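This report refers to the structure that appears directly beneath it.
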Amino acid sequence: MSLRNRELLNLVVVGALTALGFASVYIARQSVVSTASLSYAAFFFALYLVAHLVARYAVPYADPYLLPMAALLTAIGLTEIYRIRPGDAFRQAVWIIIAVAVFAGTLWALRRDYRRLESYKYIFGLTAIGLLILPALPGIGTTVNGARLWIHFGSLQFQPGEIAKLCLIVFLAGYLREKREVLAQGRLKDFGPLLLIWGGAMLVLVETNDLGSALLYFGIFLAMLYVATGRLLFTGIGLALFLAGSYFVYTQVAHVHERVTIWLHPWTDQKVYCALTGHMALRQDCGSYQLVKSLYSIASGGFGGTGLGKETIETTQGHPLIPSLNTDFIYSALAQGLGLIGISALILLFMVFVLRGMRIALLADDGFSKLAGAGLTFGFALQTFIIVGGILRIIPLTGITFPFVSYGGSSVVANFVLLAGLLLISNRANAPREA
Amino acid sequence: MTLASIAVEELLLVLKIAFVVLLYLFIWRIVRTASKDLRVPQESFILAPSQANELGAVRDVGPRNVGRLVVVSSPTLEPGEGRMLDSAPITVGRGPQNDVTLDGDDYASAKHARIEPRRDGVWVEDVGSTNGTYLNGIKLTRPRKLTPGDVVRVGETELRYES
């Protein structure tokens with residue numbers, strides 16, 4: 001079977017899964033949602049059919065599993081968003097249409113040779129920093145939950161950091177490809193431009209309180225440096241610097257100190273001072289409220305889950321149980337609905353996606369493609385780990401989106417561009433060459 | 001009323017099981033077919049400099065030593081002039097940013113062609129020139145692998161690939 005036919009078949013399976021998910025939500029909540037739910041599944045399948053046709057033309061030799069996996073993740077996310085707040089699902093569907101259009105546009109524009117992006121690496125590096133600074137500018141920046149990450153044009157909100165991540169990966173891939181031999185020998189002056197652009201990005205992130213993204217960028221940087229130079233020493237130095245820096249920030253910044261305390265001791269038996277209200281309260285009713293409620297939510301799903309559409313997400317008074325459930329915390333809603341079995345499948349899906357991505361990086365036969373492929377895949381994997389690890393209390397929780405699944409336009413668009421990048425790289429690596 | 005609600009509960013259970021089973025089948029399908037194509041021979045990209053040097057010392061006729069380009073005729077370069085190829089790609093064109101600069105060749109484009117050593121040999125491709133790149137007199141429409149003795153024409157310059 002040809003690669004693209006395989007992709008089509010996988011998309012049909014994804015379509016069936018989407019229909020099952022929406023049917024389940026519809027039947028469980030007939031009084032709240034309408035038959036529109038089933039049209040979501042049909043709309044979804046049609047949309048991915050379009051994406052598939054573009055891929056068929058632009059990247060005929062690309063990996064046939066990535067697009068169906070991304071489709072499935074967005075479908076599961078959309079189902080859960082629909083269940084949590086049907087109104088948001090419509091907006092998310094619009095964003096998915098935009099994302100697929102951007103995906104198709106990227107494939108189309110770069111179908112001949114994406115490697116010319118390498119010549120513009122410094123432009124990409126500076127663009128990344130520019131995008132990160134944008135939300136801090138007065139007039140267009142918006143602060144949400146203490147982090148200034150959004151820009152708005154009229155009613156449209158966008159988080160430019162998501163796109164900045166991709167620009168930074170292109171810059172790193174281009175720069176490291178060119179300099180990897182001299183970098184491996186450890187000549188300090190070659191690190192200059194690298195540290196400048198990357199340091200600038202980190203500074204902006206720390207300044208805007210976006211700790212999750214700062215962690216993500218740091219990880220991507222170290223991973224790509226390792227792939228390029230093969231020197232564990234650099235990774236070691238980087239990690240040591242990271243630990244020292246983290247400790248410093250932990251002692252100096254109250255916001256960070258609070259996050260670590262919540263992570264280590266989410267429950268207290270006695271009332272402690274609550275900075276949010278200014279009164280004494282148990283910590284689970286104050287700072288760690290969201291995390292603790294999310295843990296209860298995951299636990300109540302048990303082994304088999306409640307089934308999609310039957311999760312408990314509201315208090316008996318009808319208030320939302322967990323704040324920002326459909327963005328940062330969508331994992332815990334899904335864990336309750338799908339149970340341990342289902343959520344393991346979801347995590348497995350992410351792992352397979354990463355496996356395919358790394359394989360693409362291995363098969364690519366030029367340095368830029370290898371580095372870009374590895375960087376994109378690692379960024380995807382680390383982002384998933386940061387948010388899921390945060391929710392499961394493996395690491396301190398930092399707000400970052402769950403790739404493809406959570407509600408949020410910029411995240412969906414950026415992840416589809418990432419997907420387009422991986423498809424382009426694998427198309428080039430798999431294309432038959434005549435002797 | 002009770003009968004109907006029982007039916008709904010059962011239907012939801014069936015849907016839940018169907019969803020999870022199909023999800024696992026999907027993953028299994030991907031993992032199974034994906035494991036087949038992982039057995040592709042390839043060289044490691046991650047090499048410490050010392051390892052890379054050792055490799056270079058061991059295989060002096062390995063893919064690192066990939067041949068040379070010799071000028072056959074050119075309005076601007078000296079015939080007989082040569083350039084060794086290593087692992088880095090070489091760009092050919094009229095612009096000063098190229099590795100092989102054809103300053104006085106009016107038929108060459110600013111960015112004309114790229115000669116790129118890959119794992120399986122040296123490849124030539126046109127990078128959007130106006131007049132095209134020719135391999136042994138035939139215009140290139142896609143990248144081609146070079147064999148020793150092949151002549152690449154860029155503008156009015158002819159380059160021969162030698163091993």
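Numbered from 1 within each chain, the chains take letters A, B, ... in sequence-line order. Everything numeric here is computed off the predicted structure, so don't read it as measured data. These numbers come from the heavy atoms of this one structure, side chains and all, not from hydrogens, waters or symmetry mates.
With a threshold of 4.5 angstrom between heavy atoms, A:S344 approaches chain B through its backbone and through its side chain. The contact between A:L72 and chain B is made entirely by side chain atoms (from C-beta outward), counting heavy-atom distances below 4.5 Å. For a residue to count as touching a neighbouring chain, one of its non-hydrogen atoms must lie under 4.5 Å from one of that chain's; by this rule A:P64 does not touch chain B. Interface residue A:D113: only side-chain heavy atoms are found under 4.5 Å from chain B. In this structure, the portion of B:Y24 lying under 4.5 Å from any heavy atom of chain A is its side chain and not its backbone. Only the side chain of B:E125 comes within less than 4.5 Å of a heavy atom in chain A; its backbone stays farther off.
Of the N and O atoms on the side chains of B:D150 and B:T147, at least one donor lies less than 3.5 Å from an acceptor on the other residue. Looking only at atom types and distance, the side chain of B:R29 has no donor-acceptor partner in the side chain of A:Y65 under 3.5 Å away.
Annotation: cation-pi pair B:R153/B:Y134 present, NZ/CZ under 6.0 Å from the ring centroid and within 45° of its normal.
Applying the side chain to side chain contact (heavy atoms under 4.5 Å, CB included) test between B:V152 and each of B:T157, B:L69, B:V72, B:V124 identifies B:V124 as the sole match.
In plain terms, the two heavy atoms of B:V151 and B:R160 that are nearest each other are CG2-CG, 4.2 Å.
Between A:E7 and A:R4, at least one side-chain nitrogen of the basic residue sits less than 4.0 Å from a carboxylate oxygen of the acidic one, meeting the salt-bridge criterion.
When each of A:K310, A:R116, A:R115 is checked for heavy-atom pairs under 4.5 Å with chain B, A:R115 comes out on top. Put simply, of B:L13, B:L23, B:V20, B:L146, the one with the most heavy-atom pairs under 4.5 Å next to chain A is B:L23.
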